[in-house]
Amino acid sequence: MTYLEASRKQAEALRGRTGVRILALETSCDETAAAVVEDGRRILSNVIYSQIDLHELYGGVVPEIASRAHMEACARVVNEALAQAGMRLSDADALAVTFGPGLVGALLTGVNHMKGLAFAAGKPLIPVNHMEGHVSANFLTHPELEPPFLCLVVSGGHSHLVEVRDYSEYRLAGQTVDDAAGEAFDKAARVLGLPYPGGPRVDVLAADGNPRFLSLPHPKLEGRYDYSFSGVKTAFLNAVHGMEQRGEPLPKADLAASFRFAVCEQLTEKAGLLLRDRLAAGEKPVMALAGGVSANRELRRQMTALCEELNVPLCLPRTDLCTDNGAMIGAAAYYQLQKGDIAGLDLNAVPALRLI
Ligand code: KG4
Ligand code: ZN
């Protein structure tokens, strides 16, 4: 029997069983993260090794450095995740790994590491889409949440408004026509002279600022639920450069607050349009957030206010589960396992993998 045939049999035997423990690894960007998750909902361990120190000097993620650092950290982080869960590799029912989207070298490091472990231990290997992982972080924080629900997926490379019809089944409602929200935050941070990664730092700086200091444009778009952040970003850059040229001191907190407010207002407004349309159609929508930008405090505040106003249940992942982690990969993997979605040893990294 080949490895894949044996894996299929095991996956079949695991279907519908409880107490299924999945060891997951995430290496798509600059975090080497491993976790053990039970039944897609309970975190038994969640270990994150961040490479921020290694990339800070360069103002962004350097792919070569990321791959090398993942290679050095994978075994240690995986062993730590097993140890914290009080398990050995043989105790895991299945293994899971992010295979895209992300940096090809970084992804390959994780994929190859887990292929090796899965083969050696004779366990099924579940290939997980990183963005599906972000959406699944909600299952870890909200045990009662089940599809269908709507989800605003906002990260460094994505700003999507999606309908989660079932586990692993998505429909696109709207998306950014240019920059992703996280990307825009990172660019604004750079202009303000804040070190990488900028998004969280803009968020902190904005806490003491006046969001009405700078009035930023509101894009008009054809797609009813689509986003655009390039106009906001350019207006922001021009305003900052203008102040610098005039020799004015930069009121950084006010600038950060204005930028944060404009981005979050647009995200919330489009989510609000979609929710109102669904309510008008007689549906009872449930809203969730996902991705690094969903850690943003202003976005959480605005979305909470919106959902309270509309009387729509809102799921916010725990802040540490919004950014990249292994537990979200383990959560997504559980539902894929239920559908028999497992990989063979020919699994490859897919850097431009899509959610929809
Ligand atoms: O989901 P994530 O960790 O990685 C990707 O899959 O892209 O998202 C990272 C992005 C970065 O652009 C980062 O600046 C942004 O999320 N981010 C934030 C915050 N925390 C992370 N942006 C705004 N406010 C935050 N608190
Ligand atoms: Zn991510």
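Along the sequence shown, residues are numbered consecutively beginning with 1. Counting starts at 1 for both ligands and their atoms, following the listed order.
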Measuring from atom [atom1] of [X] to atom [atom2] of [Y], what distance do you get when rounded to the nearest 0.5 angstrom?
{"X": "Met287", "Y": "Arg278", "atom1": "CE", "atom2": "CZ", "value": "10.5 Å"}
{"X": "Gln266", "Y": "Ser228", "atom1": "CD", "atom2": "OG", "value": "6.0 Å"}
{"X": "Asn348", "Y": "Leu107", "atom1": "CG", "atom2": "CG", "value": "9.5 Å"}

Worksheet item: Among Asp186, Val153, Asn296, which one has a heavy atom closest to atom 23 (C) of ligand 1?
Response: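 Of the listed residues, Asn296 has the closest heavy atom.
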Under 3.5 Å, N or O to N or O, is [X] touching ligand 1 that way?
{"X": "Gly199", "value": "yes"}
{"X": "Gly291", "value": "no"}
{"X": "Asp324", "value": "yes"}
{"X": "Gly156", "value": "yes"}

Worksheet item: If only atom types and distance count, is the side chain of Asp324 paired as donor or acceptor with the main-chain N or O of Asp30 below 3.5 Å?
Response: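 Not at all, since once roles are kept as given, no pair shorter than 3.5 Å links the two residues.
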Worksheet entry | Region of Arg260 engaging ligand 1 - heavy atom pairs below 4.0 Å |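 Neither part.
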Practice prompt. Record the part of Asp203 in heavy-atom contact with ligand 1 below 4.0 Å; permitted values are side chain, backbone, both and neither.
Written response: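 It is the side chain that touches ligand 1; the backbone stays farther off.
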Worksheet item: Starting from atom 15 (C) of ligand 1, which protein heavy atom do you reach first, and at what distance in Å?
Response: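 For atom 15 (C) of ligand 1, the nearest protein heavy atom comes out as Val293 CG2, 4.0 Å.
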Discussion item. Just to confirm my output: which protein heavy-atom neighbour is closest to atom 20 (N) of ligand 1, and how far is it?
Written reply: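 Answer for atom 20 (N) of ligand 1: Gly292 O, 3.3 Å.
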Item to complete: Taking the side chain as every heavy atom from C-beta outward, state whether Phe139 and Leu145 have any pair of such atoms under 4.5 Å apart.
Response: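 Result yes, sub-4.5 Å side-chain heavy-atom pair found.
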Worksheet entry | Student check: side-chain heavy atoms of Leu172 and His160 closer than 4.5 Å |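 Heavy-atom side-chain distance check passes, below 4.5 Å.
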Worksheet item: Among Glu72, His70, Arg76, whose side chain to side chain donor-acceptor pair (under 3.5 Å) with Thr32 holds?
Response: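 Of the listed residues Glu72, His70, Arg76, the side chain to side chain donor-acceptor pair (under 3.5 Å) partner of Thr32 is His70.
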Ligand-side contact atoms (ligand 1) for residue partner [X], heavy atom cut-off under 4.0 Å:
{"X": "Ala295", "value": "26 (N)"}
{"X": "His130", "value": "6 (O)"}
{"X": "Gly182", "value": "12 (O)"}

Worksheet item: How many degrees, to 10°, between His130 NE2 and His134 NE2 as seen from the Zn ion (ligand 2)?
Response: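 The two atoms subtend 90° at the Zn ion (ligand 2).
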State plainly whether the residues [X] and [Y] are in salt-bridge range, i.e. N to O under 4.0 Å.
{"X": "Lys187", "Y": "Glu183", "answer": "yes"}
{"X": "Asp178", "Y": "Lys233", "answer": "no"}
{"X": "Arg301", "Y": "Glu298", "answer": "yes"}

Worksheet item: Quick one: does Pro197 get within less than 4.0 Å of ligand 1, heavy atoms only?
Response: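 Contact absent.
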Worksheet item: In Asp324, which N, O or S atom comes closest to the Zn ion (ligand 2)?
Response: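 Considering only N, O and S atoms, Asp324 comes nearest to the Zn ion (ligand 2) through OD1.
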